[in-house]
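These notes are about the structure you will find just below.
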Amino acid sequence: MPTQNPEKKSSSGKKKNEPKSSQEKSLTSTPPPLECTSEEYTDLLSTASSLTESEAAFEILDCARYGEVDSVRALIEIWSSKIENYINTVDSNGNSALHKAGASGHNSTVQLLLFHKAEYLSNSSKNTPLHWAAANGHEGAVEMILDHDFGYELDVLLKNEFGRSILTEGFSSQKTELVSLLLNHDSASEEKLLNGGQEVDAGDVESDPLKTENKSNVIEGNINLNSDGNVSSAGGKSINSSNTGNSGIIHEFDFLREDGEGSGDQTLENIEEQNINDEEKAQTLLIRELPIKNADTPFGETAIDDTTGLGIWCASLVMARWMASKSILGRFDSKVVLELGAGCGVPGLTVGLYSKAKNVYATDFNPATVKNLKYNIEINANRSDTKSTQGDWIERVQALSIDWDDESTWPDDKMDFIIGSDLIYQKSIVPLLKKVVAGLLKPEGRFLYTCPSDGRDGLVEFIDTMKKEGFRCTSEEVAPDLYRMNPLSNGDAADAFLHFYELPVTEYKLFEFRLC
(Lines give C-alpha, C1' and ligand atoms only; values in the text may rest on other atoms or scores of the structure.)
Protein backbone atom coordinates (compact mmCIF):
# COMPACT_ATOMS: atom_id res chain seq x y z
CA MET A 1 0.00 0.00 0.00
CA PRO A 2 1.36 3.47 -0.78
CA THR A 3 2.84 5.34 2.13
CA GLN A 4 1.69 8.80 3.13
CA ASN A 5 3.70 11.76 4.40
CA PRO A 6 7.14 10.75 3.13
CA GLU A 7 10.19 12.47 4.51
CA LYS A 8 11.28 15.17 2.08
CA LYS A 9 14.48 14.24 0.24
CA SER A 10 15.71 17.05 -1.98
CA SER A 11 18.65 16.75 -4.32
CA SER A 12 20.26 19.62 -2.45
CA GLY A 13 19.39 21.87 0.45
CA LYS A 14 21.00 24.78 -1.33
CA LYS A 15 18.79 27.76 -2.13
CA LYS A 16 18.88 29.11 -5.64
CA ASN A 17 21.26 32.01 -6.04
CA GLU A 18 19.07 33.72 -8.57
CA PRO A 19 15.39 33.00 -8.02
CA LYS A 20 13.00 33.49 -10.94
CA SER A 21 11.79 37.07 -11.12
CA SER A 22 8.12 37.89 -10.68
CA GLN A 23 7.92 38.91 -14.33
CA GLU A 24 9.42 35.62 -15.54
CA LYS A 25 6.65 33.06 -15.90
CA SER A 26 7.43 29.44 -15.01
CA LEU A 27 6.21 26.62 -17.22
CA THR A 28 4.38 25.28 -14.17
CA SER A 29 2.89 28.52 -12.86
CA THR A 30 -0.48 27.57 -14.32
CA PRO A 31 -2.24 24.20 -14.51
CA PRO A 32 -2.85 22.48 -17.85
CA PRO A 33 -6.31 23.01 -19.34
CA LEU A 34 -9.08 20.52 -18.72
CA GLU A 35 -9.02 17.80 -21.39
CA CYS A 36 -12.44 16.29 -20.73
CA THR A 37 -15.86 17.99 -20.76
CA SER A 38 -17.25 19.62 -17.62
CA GLU A 39 -19.81 16.84 -17.34
CA GLU A 40 -17.10 14.19 -17.54
CA TYR A 41 -15.06 16.01 -14.94
CA THR A 42 -18.06 16.08 -12.60
CA ASP A 43 -18.22 12.30 -12.94
CA LEU A 44 -14.48 12.06 -12.14
CA LEU A 45 -15.02 14.11 -8.99
CA SER A 46 -17.85 11.81 -7.97
CA THR A 47 -15.69 8.74 -8.55
CA ALA A 48 -12.81 10.25 -6.58
CA SER A 49 -15.15 11.04 -3.68
CA SER A 50 -16.28 7.42 -3.50
CA LEU A 51 -12.78 6.05 -2.92
CA THR A 52 -11.30 4.95 0.37
CA GLU A 53 -8.04 6.55 1.54
CA SER A 54 -5.95 3.59 0.42
CA GLU A 55 -7.70 3.54 -2.96
CA ALA A 56 -7.11 7.27 -3.38
CA ALA A 57 -3.42 6.79 -2.60
CA PHE A 58 -3.15 4.04 -5.20
CA GLU A 59 -5.12 5.92 -7.84
CA ILE A 60 -3.03 9.10 -7.87
CA LEU A 61 0.09 7.03 -8.54
CA ASP A 62 -1.59 4.83 -11.14
CA CYS A 63 -3.31 7.70 -12.96
CA ALA A 64 -0.07 9.70 -13.02
CA ARG A 65 1.76 6.73 -14.51
CA TYR A 66 -0.74 6.45 -17.35
CA GLY A 67 -1.14 10.20 -17.91
CA GLU A 68 -4.80 10.43 -16.90
CA VAL A 69 -4.40 14.12 -16.13
CA ASP A 70 -8.03 14.95 -15.40
CA SER A 71 -8.35 11.97 -13.08
CA VAL A 72 -5.27 13.21 -11.23
CA ARG A 73 -6.83 16.69 -11.13
CA ALA A 74 -10.03 15.33 -9.59
CA LEU A 75 -8.14 13.24 -7.04
CA ILE A 76 -6.10 16.25 -5.94
CA GLU A 77 -9.22 18.40 -5.63
CA ILE A 78 -11.06 15.86 -3.47
CA TRP A 79 -8.26 14.32 -1.38
CA SER A 80 -5.71 17.08 -0.76
CA SER A 81 -7.81 18.39 2.11
CA LYS A 82 -8.43 14.91 3.51
CA ILE A 83 -4.95 13.35 3.40
CA GLU A 84 -1.98 15.39 4.54
CA ASN A 85 0.66 15.82 1.84
CA TYR A 86 -1.50 13.80 -0.58
CA ILE A 87 0.26 15.20 -3.66
CA ASN A 88 3.46 13.52 -2.45
CA THR A 89 2.04 10.03 -1.90
CA VAL A 90 4.66 7.37 -2.63
CA ASP A 91 4.55 3.64 -3.18
CA SER A 92 6.51 1.02 -1.23
CA ASN A 93 9.65 1.84 -3.24
CA GLY A 94 9.39 5.58 -2.66
CA ASN A 95 8.12 6.40 -6.14
CA SER A 96 5.90 9.46 -6.31
CA ALA A 97 3.32 10.53 -8.87
CA LEU A 98 5.94 12.92 -10.27
CA HIS A 99 8.34 9.99 -10.75
CA LYS A 100 5.75 8.04 -12.70
CA ALA A 101 4.39 10.85 -14.84
CA GLY A 102 7.92 11.99 -15.73
CA ALA A 103 9.09 8.46 -16.54
CA SER A 104 6.26 8.03 -19.03
CA GLY A 105 6.55 11.52 -20.53
CA HIS A 106 3.07 12.70 -19.57
CA ASN A 107 3.82 16.42 -19.71
CA SER A 108 0.37 17.69 -18.77
CA THR A 109 0.36 15.50 -15.68
CA VAL A 110 3.85 16.67 -14.73
CA GLN A 111 2.71 20.28 -15.16
CA LEU A 112 -0.37 19.68 -13.00
CA LEU A 113 1.60 17.99 -10.22
CA LEU A 114 4.21 20.74 -10.13
CA PHE A 115 1.51 23.44 -10.16
CA HIS A 116 0.12 21.77 -7.01
CA LYS A 117 3.61 21.85 -5.45
CA ALA A 118 4.62 18.23 -5.80
CA GLU A 119 8.01 17.78 -4.14
CA TYR A 120 11.20 16.53 -5.77
CA LEU A 121 11.69 13.25 -3.95
CA SER A 122 14.27 10.48 -4.26
CA ASN A 123 13.00 6.90 -4.23
CA SER A 124 14.58 3.97 -2.42
CA SER A 125 17.22 3.60 -5.14
CA LYS A 126 17.98 7.34 -4.99
CA ASN A 127 16.38 7.93 -8.36
CA THR A 128 14.73 11.33 -8.67
CA PRO A 129 11.94 12.20 -11.12
CA LEU A 130 14.64 13.74 -13.33
CA HIS A 131 16.58 10.45 -13.44
CA TRP A 132 13.57 8.66 -14.90
CA ALA A 133 12.40 11.43 -17.24
CA ALA A 134 15.93 11.90 -18.61
CA ALA A 135 16.56 8.17 -19.06
CA ASN A 136 13.42 7.85 -21.16
CA GLY A 137 14.25 10.89 -23.27
CA HIS A 138 11.23 12.96 -22.22
CA GLU A 139 12.47 16.45 -22.97
CA GLY A 140 9.24 18.22 -22.02
CA ALA A 141 9.10 16.65 -18.57
CA VAL A 142 12.78 17.37 -17.95
CA GLU A 143 12.36 20.99 -18.99
CA MET A 144 9.38 21.53 -16.67
CA ILE A 145 11.10 19.94 -13.67
CA LEU A 146 14.29 21.96 -14.22
CA ASP A 147 12.26 25.13 -14.71
CA HIS A 148 10.12 24.65 -11.60
CA ASP A 149 11.04 26.54 -8.43
CA PHE A 150 11.31 23.94 -5.66
CA GLY A 151 13.06 26.45 -3.40
CA TYR A 152 16.47 24.85 -3.82
CA GLU A 153 18.83 24.13 -6.70
CA LEU A 154 18.49 20.77 -8.40
CA ASP A 155 21.68 18.83 -9.13
CA VAL A 156 21.87 17.08 -12.51
CA LEU A 157 25.07 15.35 -11.36
CA LEU A 158 23.26 13.66 -8.47
CA LYS A 159 23.80 9.90 -8.69
CA ASN A 160 21.45 7.08 -7.86
CA GLU A 161 22.64 4.00 -5.98
CA PHE A 162 23.82 2.48 -9.26
CA GLY A 163 26.24 5.36 -9.80
CA ARG A 164 24.23 6.92 -12.63
CA SER A 165 23.65 10.66 -12.57
CA ILE A 166 20.75 12.49 -14.19
CA LEU A 167 23.19 13.73 -16.83
CA THR A 168 24.33 10.16 -17.50
CA GLU A 169 20.72 9.07 -17.98
CA GLY A 170 20.23 12.00 -20.34
CA PHE A 171 23.24 10.98 -22.43
CA SER A 172 21.92 7.41 -22.65
CA SER A 173 18.65 8.71 -24.15
CA GLN A 174 20.57 10.08 -27.17
CA LYS A 175 18.19 13.08 -27.25
CA THR A 176 20.30 16.12 -28.16
CA GLU A 177 17.91 18.80 -26.91
CA LEU A 178 17.39 16.98 -23.62
CA VAL A 179 21.14 16.67 -23.04
CA SER A 180 21.50 20.37 -23.87
CA LEU A 181 18.94 21.23 -21.18
CA LEU A 182 20.92 19.28 -18.59
CA LEU A 183 24.32 20.62 -19.65
CA ASN A 184 23.03 24.19 -19.55
CA HIS A 185 21.83 23.78 -15.97
CA ASP A 186 23.85 25.60 -13.28
CA SER A 187 24.70 22.34 -11.53
CA ALA A 188 26.48 21.06 -14.67
CA SER A 189 29.18 23.71 -14.57
CA GLU A 190 32.58 22.78 -16.01
CA GLU A 191 34.13 22.85 -12.54
CA LYS A 192 31.57 20.43 -11.16
CA LEU A 193 31.89 18.12 -14.15
CA LEU A 194 35.65 17.97 -13.69
CA ASN A 195 35.39 17.47 -9.94
CA GLY A 196 32.41 15.15 -9.72
CA GLY A 197 31.38 12.65 -7.10
CA GLN A 198 33.46 9.77 -5.85
CA GLU A 199 33.65 6.75 -8.12
CA VAL A 200 32.44 3.34 -7.08
CA ASP A 201 35.21 0.91 -7.93
CA ALA A 202 33.39 -2.13 -9.24
CA GLY A 203 36.75 -3.75 -9.89
CA ASP A 204 37.28 -4.13 -6.16
CA VAL A 205 34.21 -6.35 -5.81
CA GLU A 206 35.00 -9.98 -5.03
CA SER A 207 34.35 -11.94 -8.22
CA ASP A 208 33.82 -15.37 -6.69
CA PRO A 209 30.48 -15.62 -4.85
CA LEU A 210 31.11 -19.23 -3.86
CA LYS A 211 34.24 -18.73 -1.74
CA THR A 212 32.65 -19.11 1.68
CA GLU A 213 33.27 -21.49 4.54
CA ASN A 214 29.70 -22.76 4.52
CA LYS A 215 29.17 -24.12 1.03
CA SER A 216 25.54 -25.05 1.70
CA ASN A 217 24.36 -21.48 2.30
CA VAL A 218 26.06 -18.78 0.24
CA ILE A 219 25.22 -15.28 1.42
CA GLU A 220 25.80 -12.18 -0.71
CA GLY A 221 24.60 -9.07 1.09
CA ASN A 222 20.86 -9.64 1.56
CA ILE A 223 20.90 -12.61 -0.84
CA ASN A 224 20.79 -16.15 0.49
CA LEU A 225 21.45 -19.08 -1.83
CA ASN A 226 20.16 -22.32 -0.39
CA SER A 227 21.84 -25.70 -0.81
CA ASP A 228 20.28 -26.10 -4.27
CA GLY A 229 21.52 -22.66 -5.27
CA ASN A 230 18.08 -21.08 -5.42
CA VAL A 231 17.39 -17.66 -3.95
CA SER A 232 15.68 -17.07 -0.65
CA SER A 233 15.56 -14.25 1.85
CA ALA A 234 16.54 -14.68 5.48
CA GLY A 235 12.95 -15.67 6.15
CA GLY A 236 12.95 -18.25 3.39
CA LYS A 237 10.70 -16.29 1.02
CA SER A 238 11.53 -15.95 -2.64
CA ILE A 239 13.02 -12.60 -3.59
CA ASN A 240 13.77 -11.00 -6.94
CA SER A 241 15.86 -7.87 -6.63
CA SER A 242 18.06 -7.57 -3.56
CA ASN A 243 20.61 -4.99 -2.53
CA THR A 244 24.02 -6.46 -1.93
CA GLY A 245 25.70 -3.59 -0.14
CA ASN A 246 28.58 -2.14 -2.15
CA SER A 247 28.30 -5.10 -4.53
CA GLY A 248 25.28 -3.69 -6.37
CA ILE A 249 22.03 -5.60 -6.78
CA ILE A 250 21.07 -9.14 -7.79
CA HIS A 251 17.91 -9.80 -9.81
CA GLU A 252 16.17 -13.14 -10.29
CA PHE A 253 14.69 -13.45 -13.80
CA ASP A 254 12.32 -15.93 -15.39
CA PHE A 255 12.23 -15.32 -19.14
CA LEU A 256 9.59 -17.98 -19.74
CA ARG A 257 6.89 -16.38 -17.61
CA GLU A 258 4.06 -14.73 -19.50
CA ASP A 259 1.84 -13.44 -16.69
CA GLY A 260 3.21 -9.90 -16.88
CA GLU A 261 1.51 -6.98 -15.18
CA GLY A 262 -2.17 -6.88 -15.93
CA SER A 263 -2.21 -10.00 -18.10
CA GLY A 264 -3.44 -12.50 -15.52
CA ASP A 265 -2.41 -16.13 -15.15
CA GLN A 266 -1.45 -18.33 -18.06
CA THR A 267 -4.14 -20.66 -19.36
CA LEU A 268 -3.55 -24.36 -19.83
CA GLU A 269 -3.95 -23.85 -23.59
CA ASN A 270 -1.19 -21.22 -23.63
CA ILE A 271 1.16 -23.49 -21.73
CA GLU A 272 0.45 -26.43 -24.02
CA GLU A 273 0.84 -24.27 -27.11
CA GLN A 274 4.32 -23.23 -26.03
CA ASN A 275 5.24 -26.79 -25.04
CA ILE A 276 6.62 -25.58 -21.72
CA ASN A 277 6.38 -27.97 -18.80
CA ASP A 278 6.25 -26.98 -15.15
CA GLU A 279 9.90 -27.77 -14.50
CA GLU A 280 11.05 -25.53 -17.38
CA LYS A 281 8.77 -22.72 -16.25
CA ALA A 282 10.42 -22.68 -12.86
CA GLN A 283 13.94 -22.08 -14.20
CA THR A 284 15.34 -18.73 -13.11
CA LEU A 285 18.53 -16.77 -13.75
CA LEU A 286 20.48 -14.68 -11.23
CA ILE A 287 22.11 -11.52 -12.58
CA ARG A 288 24.07 -8.91 -10.64
CA GLU A 289 24.42 -5.34 -11.87
CA LEU A 290 26.88 -2.87 -10.39
CA PRO A 291 27.14 0.90 -10.06
CA ILE A 292 28.60 2.30 -13.27
CA LYS A 293 32.08 3.74 -12.83
CA ASN A 294 32.77 7.23 -14.20
CA ALA A 295 29.01 7.60 -14.49
CA ASP A 296 29.10 11.00 -16.17
CA THR A 297 31.47 9.77 -18.89
CA PRO A 298 30.72 6.02 -18.92
CA PHE A 299 31.93 5.40 -22.50
CA GLY A 300 35.46 6.54 -21.58
CA GLU A 301 38.23 7.63 -23.91
CA THR A 302 38.87 4.13 -25.29
CA ALA A 303 36.87 0.91 -25.58
CA ILE A 304 38.48 -0.63 -22.51
CA ASP A 305 37.25 2.30 -20.40
CA ASP A 306 33.57 1.76 -21.32
CA THR A 307 31.77 0.87 -18.06
CA THR A 308 28.20 0.89 -19.39
CA GLY A 309 28.16 -2.92 -19.20
CA LEU A 310 28.12 -2.86 -15.41
CA GLY A 311 24.40 -2.05 -15.53
CA ILE A 312 21.46 -3.94 -17.04
CA TRP A 313 20.00 -2.23 -20.11
CA CYS A 314 16.41 -2.98 -21.05
CA ALA A 315 17.31 -4.03 -24.60
CA SER A 316 19.16 -6.99 -23.06
CA LEU A 317 15.95 -8.06 -21.28
CA VAL A 318 14.07 -7.94 -24.59
CA MET A 319 16.90 -9.92 -26.20
CA ALA A 320 16.73 -12.51 -23.42
CA ARG A 321 12.99 -12.94 -23.96
CA TRP A 322 13.64 -13.47 -27.66
CA MET A 323 16.40 -15.98 -26.97
CA ALA A 324 14.08 -17.94 -24.66
CA SER A 325 11.19 -17.95 -27.14
CA LYS A 326 9.99 -21.16 -28.76
CA SER A 327 10.81 -19.81 -32.24
CA ILE A 328 14.50 -19.34 -31.41
CA LEU A 329 15.44 -21.68 -28.57
CA GLY A 330 15.63 -24.98 -30.44
CA ARG A 331 17.91 -23.50 -33.08
CA PHE A 332 20.74 -23.35 -30.54
CA ASP A 333 20.84 -27.14 -29.97
CA SER A 334 24.47 -28.34 -30.13
CA LYS A 335 25.54 -24.94 -31.51
CA VAL A 336 28.20 -22.48 -30.35
CA VAL A 337 26.84 -19.06 -29.39
CA LEU A 338 28.76 -15.85 -28.60
CA GLU A 339 27.35 -12.64 -27.14
CA LEU A 340 29.13 -9.42 -28.07
CA GLY A 341 29.17 -6.51 -25.62
CA ALA A 342 27.50 -8.79 -23.09
CA GLY A 343 27.67 -6.40 -20.13
CA CYS A 344 25.96 -8.27 -17.29
CA GLY A 345 25.41 -11.22 -19.64
CA VAL A 346 21.62 -11.46 -19.50
CA PRO A 347 20.97 -12.74 -23.07
CA GLY A 348 24.02 -15.03 -23.20
CA LEU A 349 23.29 -16.65 -19.86
CA THR A 350 19.66 -16.99 -20.91
CA VAL A 351 20.81 -19.06 -23.90
CA GLY A 352 22.93 -21.13 -21.54
CA LEU A 353 20.05 -21.67 -19.11
CA TYR A 354 17.17 -22.50 -21.43
CA SER A 355 18.82 -24.02 -24.52
CA LYS A 356 20.95 -27.05 -25.33
CA ALA A 357 23.72 -24.99 -26.87
CA LYS A 358 27.08 -26.74 -26.90
CA ASN A 359 28.96 -23.63 -25.70
CA VAL A 360 28.02 -20.06 -24.85
CA TYR A 361 30.60 -17.27 -24.69
CA ALA A 362 29.66 -13.98 -23.00
CA THR A 363 32.19 -11.35 -24.06
CA ASP A 364 33.12 -7.80 -23.18
CA PHE A 365 36.32 -5.75 -22.85
CA ASN A 366 36.23 -3.54 -19.75
CA PRO A 367 37.99 -5.47 -16.92
CA ALA A 368 35.37 -4.69 -14.27
CA THR A 369 32.60 -5.73 -16.65
CA VAL A 370 34.30 -9.03 -17.50
CA LYS A 371 34.85 -9.66 -13.79
CA ASN A 372 31.15 -9.16 -13.14
CA LEU A 373 30.31 -11.44 -16.07
CA LYS A 374 32.34 -14.19 -14.43
CA TYR A 375 30.54 -13.49 -11.15
CA ASN A 376 27.16 -13.91 -12.85
CA ILE A 377 28.22 -17.20 -14.41
CA GLU A 378 29.56 -18.48 -11.10
CA ILE A 379 26.56 -17.44 -9.01
CA ASN A 380 24.36 -19.55 -11.28
CA ALA A 381 26.61 -22.62 -10.96
CA ASN A 382 25.56 -25.51 -8.72
CA ARG A 383 21.92 -24.39 -8.85
CA SER A 384 19.18 -26.83 -9.68
CA ASP A 385 18.01 -24.39 -12.36
CA THR A 386 21.23 -24.65 -14.39
CA LYS A 387 21.80 -28.40 -14.38
CA SER A 388 22.13 -29.59 -17.96
CA THR A 389 22.74 -32.79 -19.89
CA GLN A 390 24.98 -30.75 -22.20
CA GLY A 391 27.78 -30.55 -19.63
CA ASP A 392 28.70 -28.63 -16.54
CA TRP A 393 27.46 -25.04 -16.45
CA ILE A 394 30.91 -23.58 -15.90
CA GLU A 395 32.30 -25.51 -18.87
CA ARG A 396 29.43 -24.63 -21.20
CA VAL A 397 29.08 -20.94 -20.29
CA GLN A 398 32.25 -18.85 -20.20
CA ALA A 399 33.20 -15.17 -20.00
CA LEU A 400 35.85 -13.88 -22.39
CA SER A 401 37.62 -10.55 -22.82
CA ILE A 402 37.51 -9.47 -26.47
CA ASP A 403 38.84 -6.31 -28.10
CA TRP A 404 36.81 -5.88 -31.29
CA ASP A 405 39.76 -4.06 -32.88
CA ASP A 406 42.36 -6.73 -32.00
CA GLU A 407 41.85 -10.07 -33.73
CA SER A 408 44.46 -11.71 -31.49
CA THR A 409 41.90 -11.52 -28.65
CA TRP A 410 39.19 -13.27 -30.65
CA PRO A 411 38.40 -16.97 -30.12
CA ASP A 412 40.01 -19.32 -32.62
CA ASP A 413 36.77 -21.18 -33.32
CA LYS A 414 34.03 -19.69 -35.48
CA MET A 415 30.52 -19.27 -34.11
CA ASP A 416 27.18 -20.63 -35.28
CA PHE A 417 25.38 -17.68 -33.72
CA ILE A 418 26.45 -14.24 -32.52
CA ILE A 419 23.96 -12.26 -30.45
CA GLY A 420 24.03 -8.66 -29.29
CA SER A 421 21.79 -5.96 -27.85
CA ASP A 422 21.99 -2.17 -28.09
CA LEU A 423 25.61 -2.15 -29.30
CA ILE A 424 25.46 0.95 -31.54
CA TYR A 425 25.68 4.40 -29.98
CA GLN A 426 27.71 6.28 -32.58
CA LYS A 427 28.30 6.00 -36.33
CA SER A 428 32.04 5.55 -35.96
CA ILE A 429 31.58 2.08 -34.43
CA VAL A 430 29.59 0.67 -37.38
CA PRO A 431 32.55 -0.63 -39.46
CA LEU A 432 34.17 -2.17 -36.38
CA LEU A 433 31.05 -4.02 -35.29
CA LYS A 434 30.49 -5.38 -38.78
CA LYS A 435 34.13 -6.48 -38.91
CA VAL A 436 33.98 -8.45 -35.67
CA VAL A 437 30.64 -10.08 -36.53
CA ALA A 438 31.87 -11.15 -39.96
CA GLY A 439 35.19 -12.32 -38.51
CA LEU A 440 33.69 -14.52 -35.81
CA LEU A 441 30.83 -16.18 -37.68
CA LYS A 442 30.96 -19.44 -39.59
CA PRO A 443 29.82 -19.37 -43.21
CA GLU A 444 26.02 -19.11 -43.16
CA GLY A 445 26.26 -18.18 -39.46
CA ARG A 446 23.59 -15.95 -37.93
CA PHE A 447 23.77 -12.61 -36.13
CA LEU A 448 20.75 -11.81 -33.92
CA TYR A 449 20.43 -8.20 -32.79
CA THR A 450 18.02 -6.24 -30.57
CA CYS A 451 17.87 -2.48 -30.04
CA PRO A 452 15.45 0.40 -29.45
CA SER A 453 13.71 1.39 -32.69
CA ASP A 454 15.22 4.87 -32.62
CA GLY A 455 17.43 7.19 -30.60
CA ARG A 456 20.74 5.46 -31.43
CA ASP A 457 23.24 7.37 -33.54
CA GLY A 458 24.57 5.07 -36.26
CA LEU A 459 21.77 2.49 -36.06
CA VAL A 460 20.34 3.30 -39.51
CA GLU A 461 23.82 3.17 -41.06
CA PHE A 462 24.56 -0.16 -39.38
CA ILE A 463 21.36 -1.82 -40.55
CA ASP A 464 21.83 -0.48 -44.09
CA THR A 465 25.40 -1.74 -44.40
CA MET A 466 24.49 -5.14 -42.92
CA LYS A 467 21.76 -5.53 -45.54
CA LYS A 468 24.10 -4.74 -48.42
CA GLU A 469 27.60 -6.08 -47.87
CA GLY A 470 28.31 -9.72 -47.08
CA PHE A 471 25.14 -10.28 -45.07
CA ARG A 472 21.50 -10.89 -45.80
CA CYS A 473 18.78 -9.61 -43.46
CA THR A 474 16.48 -12.61 -43.07
CA SER A 475 14.05 -11.00 -40.63
CA GLU A 476 13.23 -7.60 -39.15
CA GLU A 477 10.33 -7.05 -36.79
CA VAL A 478 9.11 -5.05 -33.83
CA ALA A 479 9.46 -6.96 -30.56
CA PRO A 480 6.12 -8.37 -29.35
CA ASP A 481 4.58 -6.84 -26.23
CA LEU A 482 5.42 -10.05 -24.36
CA TYR A 483 9.13 -9.27 -24.66
CA ARG A 484 8.59 -5.98 -22.82
CA MET A 485 6.74 -7.53 -19.90
CA ASN A 486 8.04 -7.80 -16.36
CA PRO A 487 10.84 -10.42 -16.38
CA LEU A 488 11.25 -10.76 -12.59
CA SER A 489 10.45 -14.28 -11.50
CA ASN A 490 7.86 -13.35 -8.89
CA GLY A 491 6.14 -10.80 -11.14
CA ASP A 492 6.55 -7.91 -8.70
CA ALA A 493 5.32 -5.00 -10.84
CA ALA A 494 6.57 -2.29 -8.47
CA ASP A 495 10.06 -3.78 -8.37
CA ALA A 496 10.16 -4.09 -12.16
CA PHE A 497 9.04 -0.50 -12.60
CA LEU A 498 11.65 0.67 -10.10
CA HIS A 499 14.57 -0.95 -11.92
CA PHE A 500 13.42 -1.26 -15.54
CA TYR A 501 10.95 1.58 -15.92
CA GLU A 502 11.70 2.19 -19.63
CA LEU A 503 11.06 -1.45 -20.62
CA PRO A 504 7.27 -1.27 -21.20
CA VAL A 505 7.29 2.19 -22.81
CA THR A 506 10.03 1.70 -25.43
CA GLU A 507 9.69 0.02 -28.83
CA TYR A 508 12.42 -2.48 -29.72
CA LYS A 509 13.41 -4.06 -33.04
CA LEU A 510 14.59 -7.62 -33.64
CA PHE A 511 16.97 -8.31 -36.52
CA GLU A 512 18.44 -11.51 -37.92
CA PHE A 513 21.30 -11.45 -40.42
CA ARG A 514 22.95 -14.36 -42.25
CA LEU A 515 26.58 -14.29 -43.31
CA CYS A 516 26.67 -14.94 -47.07
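Since we're looking at a predicted model, the values are computed, not measured.
- Just one of T284, I312, L349 meets the side chain to side chain contact (heavy atoms under 4.5 Å, CB included) condition when paired with F253; it is I312.
- Checked against the 6.0 Å centroid threshold, Y120 and H148 do not count as a close aromatic pair.
- Note that CZ of F511 and CD1 of I463 are 4.0 Å apart. Values are rounded to the nearest 0.5 Å.
- Here side chain to side chain donor-acceptor pair (under 3.5 Å) pairs that include residues 100-118, with residues two or more places apart or in two chains, are D91-K100.
- When atom types are taken as modelled, the side chain of D70 and the backbone of C36 share a donor-acceptor pair closer than 3.5 angstrom.
- Listed by chain and residue number, P31 satisfy the side-chain contact (heavy atoms from CB on, under 4.5 Å) test with F115 (two or more places apart in sequence, or in another chain).
- In this structure, W313 contributes its side chain and T308 its backbone to a donor-acceptor pair below 3.5 Å.
- Taking CD of E139 as the start and NZ of K175 as the end, the distance is 8.5 Å to the nearest 0.5 Å.
- Residues forming a side-chain hydrogen bond (donor to acceptor under 3.5 Å, both in side chains) with T52 (at least two apart in sequence, or on another chain): S54, E55.
- Remark: the backbone N or O of T369 is not paired with any side-chain donor or acceptor of D364 at under 3.5 angstrom.
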How far apart are the C-alpha atoms of N160 and N127, what are their side-chain angles, what is the distance that settles it, and do they pass the side chain to side chain donor-acceptor pair (under 3.5 Å) test? CA-CA 5 Å; N160 59 23; N127 280 303; 2.8 Å; yes
Going through the distances and angles, do D481 and R484 end up as a salt bridge (Lys or Arg N to Asp or Glu O under 4.0 Å)? CA-CA 5 Å; D481 290 344; R484 298 185 292 116; 2.7 Å; yes
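- A side-chain donor-acceptor contact under 3.5 Å links N123 and N95.
- Remark: side-chain polar atoms of R73 are paired, donor with acceptor, to backbone N or O of P32 under 3.5 angstrom.
- S49 and S46 form no side-chain donor-acceptor contact under 3.5 Å, judged by distance and modelled atom types alone.
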